[in-house]
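Reviewing the structure listed below.
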Amino acid sequence: MTTAQTPELDVQPTPLALLLLGREADPRSERGVDCPGDLPSPSDPDLVERARAAKAKLGDKVFVLGHHYQRDEVIQFADVTGDSFKLARDAAARPEAEYIVFCGVHFMAESADILTSDDQKVVLPDLAAGCSMADMATAEQVAECWDVLTEAGVAEQVVPVSYMNSSADIKAFTGKHGGLICTSSNAKRALDWAFEQGEKVLFLPDQHLGRNTAVRDMGMSLEDCVVYNPHKPGGGVTVEQLRAAKMILWRGHCSVHGRFSLDSVNDVRARIPGVNVLVHPECKHEVVAAADYVGSTEYIIKTLEAAPAGSKWAIGTELNLVRRLANRFASEDKEIVFLDKTVCFCSTMNRIDLPHLVWTLESLAEGTLVNRIEVDKETEAFAKLALERMLALP
């Protein structure tokens, strides 16, 4: 049997096909996830020529960044692709570009504005492209949490570590309180640094990355972790729990990666003998523990690049990327499937579509600045401090 190939992956669910499993909608989906049974259809092809013309007119004045989770019709216009931090650094390395068009979500554009010069203008094609995880921790909630830690007598022992997938306000809080930012690929190094500075870590806003790094990579136990719920009085934890914990995990998560379950892993292993399960560390702990490989988006891509021909992979990350990788490696007879039965994608990422990108590029080409993302100077200073601490990690 040979591996089926199709640009839309519209195939029957047989074990050796390039599947994206499932076709039904899921009414249980939370905000930030859409499960219609397939990805949105491409926009009017005439928009492709308009985007090309506007981008050509702008020339070196514009630099387009495309996150891995963007849809194909947008990613084709990206000058560079990558994860959020790589893209922000790429933008900072292009000081000649007057406009940085970030095809991603709001917190990513904020990070790019923090790291680029004052002369550069960061633009988000759709201001509604947010991140449900980043929205799970507000500045007011985190300040209240710090008050709880102070009242418990542990604040002086706590070093905040915030995931890159957080707002500029949370990054600034982190910098102001002696902490640093981390990515999914350097979370262990960040935690090692934090525990050299203090006895406890407040990990924001993704509980799963914090727990998986602490337990899987650093040898802590689940009992060393406690979850702070900002929607409960006192975070829903006792003073005794806060004093005993090493990792104080914010009750936040990625709405896409949080969907994957242990049942997803067991089901795909039963249907596809010999499959390798490769997941992002934003997945739940039981999913990460059952997987064969765990790593960041860049790690996932590099692992599949190095995989032998004929190997089989079930990937626990965003659907746009999984489909793109499935198409990319089909010629090498690598079978790549979406880990969950239900087809779900990041609906906020998908708000950046071709119509929004064309409107943005044409507006800039006409001299009209739209949808600028600008972080105020005080917030930028403390957020940059937290980022610089990360950049100084060995």
Side-chain angles (χ1 to χ4, degrees), residues 68 82-86 133 137 157-166 170-171 174 178-228 241 244-254 256-258 260-262 264-265 276-307 313-318 321 339 386-387 389-394:
H68 286 308
D83 60 19
S84 57
F85 181 60
K86 175 184 180 296
M133 180 201 293
Q157 307 165 31
V158 175
V159 177
V161 176
S162 291
Y163 189 23
M164 179 63 71
N165 299 27
S166 58
I170 301 307
K171 290 182 175 73
T174 304
L180 82 171
I181 306 305
C182 76
T183 67
S184 54
S185 58
N186 69 10
K188 181 182 183 300
R189 281 183 288 155
L191 287 181
D192 285 337
W193 179 89
F195 280 111
E196 291 172 1
Q197 319 305 313
E199 300 174 21
K200 303 173 184 292
V201 164
L202 170 63
F203 195 91
L204 299 151
D206 180 22
Q207 62 169 308
H208 300 307
L209 178 62
R211 182 182 296 106
N212 289 329
T213 305
V215 176
R216 182 178 182 271
D217 300 332
M218 301 181 69
M220 295 186 200
S221 68
L222 291 174
E223 288 69 35
D224 290 323
C225 306
V226 64
V227 177
Y228 181 95
Q241 286 177 306
K246 292 181 180 179
M247 291 286 293
I248 302 168
L249 306 170
W250 192 263
R251 192 177 185 273
H253 63 278
C254 170
V256 172
H257 291 106
F260 300 115
S261 66
L262 185 58
S264 303
V265 177
N276 297 283
V277 177
L278 170 59
V279 303
H280 195 282
E282 290 177 16
C283 293
K284 298 172 185 174
H285 181 68
E286 58 265 30
V287 174
V288 165
D292 301 299
Y293 302 89
V294 181
S296 65
T297 304
E298 295 292 340
Y299 173 87
I300 289 172
I301 295 170
K302 290 177 180 177
T303 298
L304 292 176
E305 287 175 342
W313 298 85
I315 312 299
T317 194
E318 210 277 335
L321 177 60
L339 179 57
L387 286 163
R389 289 182 182 132
M390 178 183 73
L391 293 174
L393 289 173

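Treat the numbers as computed from the prediction; the structure is a model and nothing was measured.
Of the possible polar contacts, one joining the Thr174 side chain to the Ile170 backbone as a donor-acceptor pair under 3.5 Å is found. A donor-acceptor pair is defined here as one N or O able to donate and one able to accept, closer than 3.5 Å; such a pair exists between the side chain of Asn212 and the backbone of Pro281. Side-chain atoms of Lys171 come within 3.5 Å of backbone N or O of Ser166 as a donor-acceptor pair. Without hydrogens or angle criteria, Thr303 side chain to Tyr299 main chain gives a donor-acceptor distance under 3.5 Å. Under a 3.5 Å cut-off, the side chain of Lys200 and the backbone N or O of Ala245 do form a donor-acceptor pair. In this structure, Glu199 contributes its side chain and Phe195 its backbone to no donor-acceptor pair below 3.5 Å. Side chain of Asp217 to backbone of Ala214: no donor-acceptor contact under 3.5 angstrom is found. Checked by atom type and distance alone, the side chain of Asp206 pairs as donor or acceptor with a backbone atom of Leu209 at under 3.5 Å.
Side-chain contact between Arg211 and Arg216 is absent, with no heavy-atom pair separated by less than 4.5 Å. Contact of the Leu321 side chain with the His68 side chain is registered, since non-hydrogen atoms from C-beta on lie closer than 4.5 Å. Under the 4.5 Å side-chain criterion, counting only non-hydrogen atoms from C-beta, Phe85 is in contact with Met390. Side-chain contact between Leu339 and Val279 is present, with heavy atoms from C-beta onward closer than 4.5 Å. You'll find the side chain of Arg389 reaches within 4.5 Å of the side chain of Trp193, heavy atoms only. Side-chain contact between Val288 and Lys284: absent, with no pair of heavy atoms (C-beta onward) separated by less than 4.5 Å. Side-chain contact between Ser264 and Val287: absent, with no pair of heavy atoms (C-beta onward) separated by less than 4.5 Å.
A side-chain donor from one of Thr317 and His257 sits under 3.5 Å from a side-chain acceptor of the other. Side chains of Glu282 and Tyr163: a donor-acceptor N/O pair is present below 3.5 angstrom, by distance only. Judged purely by distance below 3.5 Å, without hydrogens or angles, the side chains of Ser185 and Ser296 never pair a donor atom with an acceptor atom.
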(message) side chain to side chain contact (heavy atoms under 4.5 Å, CB included) for Val201 and Ile248? Distances and angles first, verdict last.
(response) CA-CA 6 Å; Val201 164; Ile248 302 168; over 6 Å; no
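In this structure, CE on Met164 lies 8.5 Å from SG on Cys182, to the nearest 0.5 angstrom. Remark: Gln197 CD to Leu180 CG distance equals 8.5 Å, nearest 0.5 Å. In this structure, NE2 on His208 lies 11.5 Å from NE2 on His285, to the nearest 0.5 angstrom. Within the model, atoms CD of Glu286 and OG of Ser261 stand 8.0 Å from one another, a figure rounded to the nearest 0.5 Å. To the nearest 0.5 Å, atom NZ of residue Lys188 and atom OG1 of residue Thr213 are 10.0 Å apart. To the nearest 0.5 Å, atoms CZ (Phe203) and CG (Leu249) are separated by 8.0 Å.
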